[in-house]
Amino acid sequence: MALVPAPATDGPLIAEVDMGADSSAPTVRATVVQASTVFYDTPATLDKAERLLAEAASYGSQLVVFPEAFIGGYPRGSNFGVIIGNRTAKGREEFRKYHASAIDVPGPEVDRLAAMAGKYKVYLVIGVIERDGYTLYCTALFFDSQGHFLGKHRKVMPTALERIIWGFDSNRKIGAAICWENRMPLLRTAMYAKGIEIYCAPTADARDVWQASMTHIALEGGCFVLSANQFCQRKDYPPPPDYVFTDLEEDLTPDSVVCAGGSVIISPLGSVLAGPNYEGEALLSADLDLGDIARAKFDFDVVGHYSRPEVFSLSVRDHPTNPVTFASAAEKTEGSYK
């Protein structure tokens with residue numbers, strides 16, 4: 001695994017984490033991981049995550065960000081046998097295997113990730129596929145450097161065909177928005193209002209235009225943006241017929257790149273500090289000069305001196321709701337106080 005250095009130059013739906021750092025601390029060493037899941041093998045993926053985390057820590061990283069769906073996998077190229085009005089038996093079996101690769105939050109895999117963060121003394125943000133009964137969520141988990149699980153963010157709007165397999169989820173600040181959530185201006189505004197300073201953007205989008213979005217968010221929010229994507233080749237997924245890239249399989253070789261990465265770190269002033277990398281699995285690191293936040297906010301503070309609350313305002317319901325509530329449970333709760 002290559003280190004790519006910087007150039008010489010149940011809580012709320014929208015979560016943020018306080019790194020607890022001294023506000024006068026000049027820099028934070030951050031690393032984004034660009035690597036592939038071991039598909040359908042969650043224990044092996046956790047082993048790989050620990051190797052990458054140890055390597056990042058050896059470079060002095062204090063914050064490490066993994067890609068979207070790193071634990072559990074991003075099912076690129078699969079349609080799970082779905083067409084309008086029909087689902088295939090093979091697609092149902094694919095979902096069963098995908099469901100089995102997901103993790104419970106909390107659960108033993110979360111405990112292991114927390115232990116890793118504590119062992120290597122890093123703040124950790126990692127994308128997982130969360131299993132809640134028989135519904136799956138694309139989720140980002142947050143851990144502190146003492147080995148504590150701090151919370152999670154579920155992707156509020158899966159993109160396109162992701163919606164057939166993933167559900168919807170109704171200090172030094174770290175927060176995350178997953179993939180195309182980053183194109184939702186109201187969600188971004190809510191994150192800015194929470195005071196986000198290090199904005200994590202785990203993604204599965206390797207297109208060139210993604211870089212424009214990341215630069216815009218850094219400038220708009222006056223925050224550091226850390227975007228982590230997987231670099232995947234066909235051989236990183238099970239071979240056919242166990243896993244098929246719909247309409248693409250016959251054109252792919254084992255070495256074909258199916259996700260080219262593009263992980264990047266950008267400053268609040270719009271400067272690219274590391275990446276984008278399209279060459280292979282890598283760790284991209286940069287020292288974040290926290291003074292750049294104030295320098296950028298002097299120009300533009302979207303929820304501060306550049307806002308017009310008497311003209312524009314946003315109301316956010318930022319706590320999860322349940323699809324079913326039982327009146328009997330509420331009555332028992334009320335009765336316990338009598």
Side-chain angles (χ1 to χ4, degrees), residues 4-9 14-17 19 21 23 25-32 34 63 65 67-68 125 140 153 156-157 159 171-229 261-278 284-309 311-314 316:
V4 182
T9 62
I14 302 169
E16 78 280 343
V17 173
M19 287 185 70
S23 61
T27 61
V28 169
R29 169 64 62 92
T31 294
V32 294
Q34 180 165 289
L63 168 64
V65 181
E68 177 180 14
V125 180
H153 164 67
V156 299
M157 176 55 71
T159 302
N171 307 325
R172 179 79 58 228
K173 299 286 179 58
I174 309 172
I178 303 168
C179 206
W180 279 17
E181 284 186 323
N182 290 284
R183 298 171 65 173
M184 299 172 70
L186 301 184
L187 184 146
R188 295 199 309 268
T189 302
M191 293 178 70
Y192 303 149
K194 284 178 171 282
I196 191 166
E197 296 177 343
I198 300 176
Y199 184 117
C200 302
T203 188
D205 192 338
R207 299 173 305 158
D208 290 343
V209 295
W210 182 253
Q211 302 302 318
S213 292
M214 296 299 95
T215 300
H216 173 79
I217 291 169
L219 290 169
E220 178 182 66
C223 53
F224 290 94
V225 173
L226 282 59
S227 182
N229 194 4
S263 300
V264 69
I265 301 176
I266 301 175
S267 84
L269 294 165
S271 300
V272 175
L273 303 179
N277 182 295
Y278 296 101
L284 290 80
S285 293
D287 290 326
L288 313 185
D289 178 357
L290 302 178
D292 278 349
I293 297 168
R295 297 179 189 111
K297 298 281 192 181
F298 175 66
D299 293 348
F300 183 83
D301 185 352
V302 69
V303 291
H305 62 78
Y306 226 89
S307 66
R308 288 291 303 275
V311 180
F312 306 109
S313 63
L314 172 64
V316 180

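Note: Arg188 CZ to Ser213 OG = 8.0 Å, rounded to the nearest 0.5 Å. In this structure, CE on Met214 lies 7.0 Å from OG1 on Thr203, to the nearest 0.5 angstrom. Once rounded to the nearest 0.5 Å, the distance linking CG of Leu219 with CG of Leu269 reads 7.5 Å. Here the CD-CG distance, from Gln211 to Asp205, works out to 9.5 Å after rounding to the nearest 0.5 Å. Taken to the nearest 0.5 Å, the CZ atom of Arg308 stands 12.5 Å off from the OG atom of Ser313.
The minimum heavy-atom distance linking Lys297 with Gly221 is given by the pair NZ-O, 2.9 Å. Between Tyr278 and Gly262, the shortest heavy-atom contact is CE2-CA, 3.4 Å. What you find for Pro202 and Ala177 is that their closest heavy atoms are CD-O, 3.6 Å. Of all the heavy atoms in Ala176 and Val125, the pair that sits closest is CB-CG1, 4.5 Å. The two residues Ser267 and Ala218 come nearest to each other via the heavy atoms O-CB, 3.3 Å. Between Cys200 and Val65 the shortest heavy-atom distance is SG-CG2, 3.7 Å.
The shortest side-chain heavy-atom distance between Asp292 and Leu290 does not fall under the 4.5 Å cut-off. Using a 4.5 Å heavy-atom cutoff, the side chains of Pro268 and Ile293 are in contact. Between Val28 and Phe224, every side-chain heavy-atom pair lies at or beyond the 4.5 Å cut-off. Using a 4.5 Å heavy-atom cutoff, the side chains of Thr189 and Val302 are not in contact. Residues Tyr192 and Ile217 are in side-chain contact: their nearest non-hydrogen atoms beyond the backbone lie under 4.5 Å apart. Counting heavy atoms from C-beta on, the side chains of Trp210 and Asn182 come closer than 4.5 Å. The shortest side-chain heavy-atom distance between Glu181 and Met191 does not fall under the 4.5 Å cut-off.
Not a single donor-acceptor pair under 3.5 Å links the side chain of Ser307 to the backbone N or O of Pro309. Glu68 places no side-chain N or O within 3.5 Å of a backbone atom of Ile178 that could act as its donor or acceptor partner. Under the 3.5 Å distance criterion, the side-chain polar atoms of Ser227 are matched with a main-chain donor or acceptor of Ala201. The backbone N or O of Leu284 sits nowhere less than 3.5 Å from a side-chain atom of Gln34 that would complete a donor-acceptor pair.
A 6.0 Å sphere centred on CZ of Phe300 holds more than 12 heavy atoms belonging to other residues, nucleotides or ligands.
Each of Val32, Val272, Thr31, Val225 was evaluated against Ile265; a single residue qualifies, Val32, per the side chain to side chain contact (heavy atoms under 4.5 Å, CB included) test.
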